[in-house]
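Written out below as structure tokens is the structure these notes cover.
Below, chains carry the letters A, B, ... as their sequence lines are ordered, and counting in each starts from 1. These numbers come from the heavy atoms of this one structure, side chains and all, not from hydrogens, waters or symmetry mates.
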Number of protein chains: 2
Amino acid sequence: MANEVQSLDEIDQAMLEALAGNARISLKELAQQVGLSSPSAAERLRRLEERGVVKAFTIDLDPAAVGYPLQAIVRVRPLPGQLHMVERIIQDIPEIVECDKVTGEDCFIARLVVRSMAELDGLLDKVAERAETNTAMIKASPVKRRLPPLSRKR
Amino acid sequence: MANEVQSLDEIDQAMLEALAGNARISLKELAQQVGLSSPSAAERLRRLEERGVVKAFTIDLDPAAVGYPLQAIVRVRPLPGQLHMVERIIQDIPEIVECDKVTGEDCFIARLVVRSMAELDGLLDKVAERAETNTAMIKASPVKRRLPPLSRKR
DNA sequence: ATTGAAACCGTACAGTA
DNA sequence: TACTGTACGGTTTCAAT
């Protein structure tokens, strides 16, 4: 498949920024914010989805507000021969809200939410016999999830 | 301020799951999916926002589709006395799309997007004199961003 | 939480540059 | 090819229950 990266013009960029701020604004308001008519804005948005630029419209939850006051980042280094089993165990722990497979000594880096340190301990036990783990509790988030720079000079 | 965690009933949970899948569905469709009338669904959604459960409606972009084929997770350990300066530098690098401050030897764990390894090298140079860094390139994402379990009985 | 009516919005279409 | 204005049908919102 053709996987070429087309560039985003200024209107596309403005649309993505507006939607990153509030994905539920009406097409009419979106159109106004970028200086287009609604049908134009609708068509551009449709194409951004079609091109795969926008993967999803989604929500940011506050974990604390749904009962998870603690968050951690866990680096996971499976023991020899345990990589696939460890990956499956990670996918089956619903408190793990994100996990990447990376280069280097650690195979996986996971982000998880928990209600208590006791619960964290219970979750880490699930891989304890198959992997070494290194856990860092999150104290603050100096950069909240944000868009990468879209204004590429090329 | 009162920061009590109220519980989410089954309808709230279903609404959050539906919106996590597509934050732009109409209130009417949302209402149908959870078995309510539109005004009821609208009012519940308003209250979930008011309570801070839903922090934002946002979009997931595909970094590769906007010109960033590489992603990395960088652990950052500032040298003595450099913590605040390093934090400021991190916030000023727009390619860092997320950064947490954590317990343990590493002070910060950042996620960033880049166009090339050369660009990564240039970004790491910005803190090189003030912090040790440890970089892991992301090869895959076995768990994509997902909601924590909402159903737990408390 | 629901209904029904009024206001509002999304979308298809025809026309313009 | 991309945009605009328009009109219709569908959606959101509000009042009353």
Under-4.0 Å salt bridge between [X] and [Y]:
| X | Y | value |
| --- | --- | --- |
| B/Arg46 | B/Glu43 | yes |
| B/Asp106 | A/Arg75 | yes |
| A/Asp100 | A/Arg111 | no |
| A/Lys144 | B/Glu98 | no |
| A/Asp121 | A/Lys126 | no |

Exercise. Scan residues 20-29 of chain A for pairs that pass salt bridge (charged side-chain N to carboxylate O under 4.0 Å, His left out), counting only residues two or more places apart or in two chains.
Key: none
Quiz prompt | Under 4.0 Å protein heavy-atom contacts per nucleotide of nucleotides 2-17 of chain C, with B for base, S for backbone only and - for none | solution = BB-----SSBB-----
Practice problem: State, yes or no, whether a side-chain contact exists between B/Arg51 and B/Leu48 at a heavy-atom distance under 4.5 Å. | Solution: yes
Quiz item: Are A/Thr58 and B/Asp60 linked by a side-chain donor-acceptor pair shorter than 3.5 Å?
Solution: no
Quiz item: Within this structure, what is the CD-to-C1' distance between A/Gln32 and D/dT4, rounded to whole angstrom?
Solution: 14 Å
Exercise. Round to the nearest Å and state the distance from A/Glu43 atom CD to D/dG5 atom C1'.
Key: 17 Å
Quiz item: Does a nitrogen or oxygen in the side chain of B/Arg46 sit under 4.0 Å from OP1 or OP2 of D/dT13?
Solution: no
Exercise. Give one of base, sugar-phosphate or nothing for B/Arg44, where a contact means two heavy atoms less than 4.0 Å apart.
Key: sugar-phosphate
Practice problem: Output the residues of residues 49-59 of chain A in contact with DNA chain C, where contact means a heavy atom of the residue under 4.0 Å from an atom of the strand; sort by number or write none. | Solution: none
